[in-house]
Amino acid sequence: MPKDASSRRAFLGAGALLGTALGACRTQESAPPAEQELPSLLGEPVRRYGARSPHETAARAIRETQTPEASSSRTPLGDSYGTVTPSALHFERHHAGVPAIDPAEHKLLIHGLVERPLVFSVDDVKRLPSVSQPYFIECSGNSGGEWSPAGAPTVQLSHGLAACSEWTGVPLKMLLAEAGVQAGAKWLLAEGADACKMQRSVTLEKALDDALVAYGQNGEALRPEQGYPLRLVLPGWEGNANVKWLRRIKLTEGPQYVKDETSKYTELMEDGKAWIFTLEMDAKSVITSPSGGQTIGAQGYREISGLAWSGRGKIVRVEVSTDGGGSWAEAKLQEPVRTKAFTRFTLDWQWAGGEAVLLSRCRDETGYVQPTLAELIAERGRKSAYHCNRIKGWKVAADGSVSNAQA
Amino acid sequence: MRKLEARRRRATGELSVNCCPGRKDSGEQNRRMGRRIALWAAVPALAAGIVSAQQYGLGRSAGTDEIAAWDITIGPQGKGLPHGAGAAREGAQVYEVRCKECHGEAGAGGDQVGFVGKPEQLVGEKTVRNVGSFWPYATTLFDYTRRAMPFDRPGTLTDDQIYAVTAYILYLNGIVGEDETMDAETLPQVKMPNRGGFIRDPRRKP
């Protein structure tokens, strides 16, 4: 062992260099002395809040707009593992910026067609019996560019307005029970505490089913950009309706036809009519690895991995094609498969070094099968802009580079 | 840039995240104690989907004024519209000062969306979805303008100004006359050109 810090650093510097070179030099004749391979550099001390390795650089991709407060950022799904999205990488879509809210001051008002209008503090909500459950949240504009035959070059740009977190909170029906829902109530209005006071109409049926008022995300408090300190989570419903910074719920007879459920988030058909309250997200899958922008190394074994999800329940089957749809193989689903959450699928693959076109298609427990773009257009035309869940393809070139297959 | 400057200058203090400071309900303690007993008895009722049973006694009663201050949503029949009035002629002046920079001359669109269109523009190669062509209810225009506009300073227009600028945008679309007053009675009666243009989601249900 070196006796002082400076010689130890010098020793370690050499060790690090050797370590880096090892992989490349494995076949060379003069292997370094074995004792120099053992790590001995004293590491960083403990710290109060962790950070990832400086070698890891995956980040959200920000959409440049005139108004950065009304914009979006996309999850780097191509760098994702498993089914949970790190909170710091969960996509964002804000309409008037992220409000700075002191949880001690925040209130949730429940009123309208209720027996007892109530105001809950954040502490009140946290005292109630809690549930924790992973659910995906997907902007209904996710993959909007995929309505065009060309499609986006990376999975972050094509599918990154979706993410999956474990949400902790209380069932909305529990709060509604405390207030007492009157017989005439069929809908509710949910409103946020952002500058535009974002609002959406939600059916009472959904509220009594699986809606959550969440305060936790992936084991800690919600991130500010995800609605801190309280947000609505409507499992399987389009992201916009999962109102963040939730401050008000009003029970009503009918929907309120607010701006974000009429002028936006409606599906225009070819005949000029528009579908309204298209709240459930259809089943969707995409291969995340290898995907556009990535490179496969040498020929040989290469796992194919991707994500599938459905707003109507569990994913039951994912098929993968490596020849552009000529043949399909059933992918393995990572257990446990959870309802309305990301499901990771994998397929063993031997890359022979030639060109390949990778596709995935999923089926959910209702029997719905993810459509091709042609099937989607046959049903809805080309004007919708939202809810695009077409099968997406990646092209592997002979040199191992991966790009958008539609380009 | 002027626009950027305006955004940086915006007074975050005006954001009404807590316009009604906490006010403890005097009966709260009583309610909490009284309901302890009812807690377990009520569980089957909740499980059966009957949502009326107070089990936990958390939360406090909301006051009438407190609710009124927060309850700003305007329904499609105009429920919730405030007092006040305005017509397009005054609205043009409001628009000039507070809206035009982003939304363009006479609602033509600029950095942000325009407002002038017709339902005929919802078909064909290049479709236009805006207030004139697409929005089913005029009340929604009032609601959204009041809650969210101007983008960098929501909450700074008076109700009269909002009625007026709403009237102006409707006037630009030929939906109301230049001197037609919009208020809590007349605005809900405005029939938007695309009122019948929406159908409920026909996709399969689980």
Side-chain angles (χ1 to χ4, degrees), chain A residues 66-67 69-70 95-96 99-101 105-107 109-111 115-121 124 127-128 173-174 176-181 189 191 193 195-197 199 208 247-248 250 252 256-259 262-263 266 268 270-280 282 312-313 366 368 383, chain B residues 3 7 10 12 15-18 20-22 42 46 49-62 66-67 70-76 102 111-112 119-120 122-123 127 129-131 134-137 139-141 143-144 147-148 151 154 197-206:
Chain A
Q66 288 274 343
T67 51
E69 300 87 351
H95 296 75
I101 297 178
E105 300 291 320
H106 190 76
K107 304 281 187 287
L109 168 66
I110 299 182
H111 72 113
E115 302 296 336
R116 300 166 291 276
L118 292 175
V119 175
F120 292 91
S121 68
D124 288 336
R127 282 175 60 151
L128 290 164
K173 66 184 172 191
M174 190 180 286
L176 296 182
E178 291 297 295
V181 177
L189 178 100
E191 184 184 79
C196 65
K197 296 163 284 289
Q199 57 176 351
L208 298 182
R247 72 160 197 165
R248 187 166 73 95
K250 181 180 187 180
T252 58
Q256 301 303 298
Y257 297 94
V258 305
K259 177 249 191 189
T262 51
S263 81
T266 48
L268 186 61
E270 294 289 351
D271 65 357
K273 300 285 185 196
W275 296 359
I276 194 169
F277 302 118
T278 46
L279 292 156
E280 286 161 332
D282 293 313
R312 298 198 175 91
T366 71
Y368 177 92
K383 300 283 163 49
Chain B
K3 230 170 288 173
R7 283 205 302 276
R10 73 172 184 272
T12 51
L15 218 160
S16 56
V17 291
N18 183 33
C20 310
L46 183 64
I50 299 161
V51 280
S52 61
Q54 282 181 287
Q55 297 178 64
Y56 303 102
L58 292 168
R60 61 172 172 81
S61 298
E66 175 176 34
I67 294 171
W70 279 33
D71 186 10
I72 56 171
T73 302
I74 313 298
C102 296
D111 289 346
Q112 303 298 330
E120 293 74 45
L122 296 176
V123 292
T127 55
R129 278 173 261 192
N130 63 24
V131 172
F134 199 49
W135 289 39
Y137 295 101
T139 47
T140 303
L141 183 55
D143 175 283
Y144 185 69
R147 76 175 47 243
F151 179 71
F198 293 86
I199 52 174
R200 284 297 287 274
D201 181 0
R203 295 174 304 165
R204 58 185 294 167
K205 300 288 174 195

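Quick note on labels: first sequence line is chain A, next is B, and so on, each numbered from 1. These numbers come from a predicted model, not from an experiment.
- Looking at T73(B), the atoms closer than 4.5 Å to chain A (heavy atoms on both sides) sit in the backbone and in the side chain alike.
- What you find for T278(A) and R203(B) is that their closest heavy atoms are C-NH2, 3.5 Å.
- One distance of note links CZ of F277(A) with CZ of F198(B); it measures 9.5 Å at 0.5 Å rounding.
- Remark: the D143(B) side chain and the Q199(A) side chain contain an N/O donor-acceptor pair separated by less than 3.5 Å.
- Interface remark: L268(A) contributes backbone and side-chain atoms alike to the contact with chain B (heavy atom separation under 4.5 Å).
- Proximity to chain A is limited to the side chain of F134(B), based on heavy atoms less than 4.5 angstrom apart.
- Residues F120(A) and L58(B) share a closest heavy-atom pair of CE2-O, 3.4 Å.
- Interface remark: of the candidates G75(B), G197(B), P119(B), G197(B) forms the most heavy-atom pairs closer than 4.5 Å to chain A.
- To the nearest 0.5 Å, atom CD of residue E191(A) and atom CZ of residue R147(B) are 4.5 Å apart.
- For the options L122(B), V131(B), T140(B), I199(B), heavy-atom pairs under 4.5 Å to chain A are most numerous at I199(B).
- In terms of modelled atom types and a separation under 3.5 Å, the side chain of Q55(B) and the main chain of E178(A) share no donor-acceptor contact.
- Interface residue K250(A): only side-chain heavy atoms are found under 4.5 Å from chain B.
- Using a 4.5 Å cut-off between heavy atoms, L279(A) touches chain B through its backbone atoms (N, CA, C, O) alone.
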Going through the distances and angles, do Q66(A) and Q112(B) end up as a side chain to side chain contact (heavy atoms under 4.5 Å, CB included)?
-> CA-CA 9 Å; Q66(A) 288 274 343; Q112(B) 303 298 330; 4.2 Å; yes
Passes side chain to side chain contact (heavy atoms under 4.5 Å, CB included), R60(B) versus L118(A)? Steps please.
-> CA-CA 5 Å; R60(B) 61 172 172 81; L118(A) 292 175; 6.0 Å; no
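- Across all non-hydrogen atoms, the minimal contact from A62(B) to L109(A) is CB-CD1, 3.5 Å.
- Of the atoms belonging to S263(A), heavy atoms from both backbone and side chain fall under 4.5 Å from chain B.
- The shortest non-hydrogen separation linking Q256(A) to P76(B) is O-CD, 3.7 Å.
- Only the side chain of P136(B) comes within less than 4.5 Å of a heavy atom of chain A; its backbone N, CA, C and O stay farther away.
- Side-chain contact between R248(A) and D71(B) is present, with heavy atoms from C-beta onward closer than 4.5 Å.
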Check step by step if side chain to side chain contact (heavy atoms under 4.5 Å, CB included) holds for F151(B) and E69(A).
-> CA-CA 10 Å; F151(B) 179 71; E69(A) 300 87 351; 3.8 Å; yes
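- For L141(B), no part sits under 4.5 Å from any heavy atom of chain A, backbone or side chain.
- Shown here for A195(A) and P154(B), the closest heavy-atom pair between the two residues is O-CG, 3.4 Å.
- Geometric assessment of R247(A) against the ring of W70(B) yields a positive cation-pi assignment under the 6.0 Å and 45° thresholds.
- For R129(B) and T266(A), the side-chain atoms include no donor-acceptor pair closer than 3.5 Å.
- With respect to the salt-bridge test (charged N to carboxylate O, under 4.0 angstrom), the residues E66(B) and K107(A) do not qualify.
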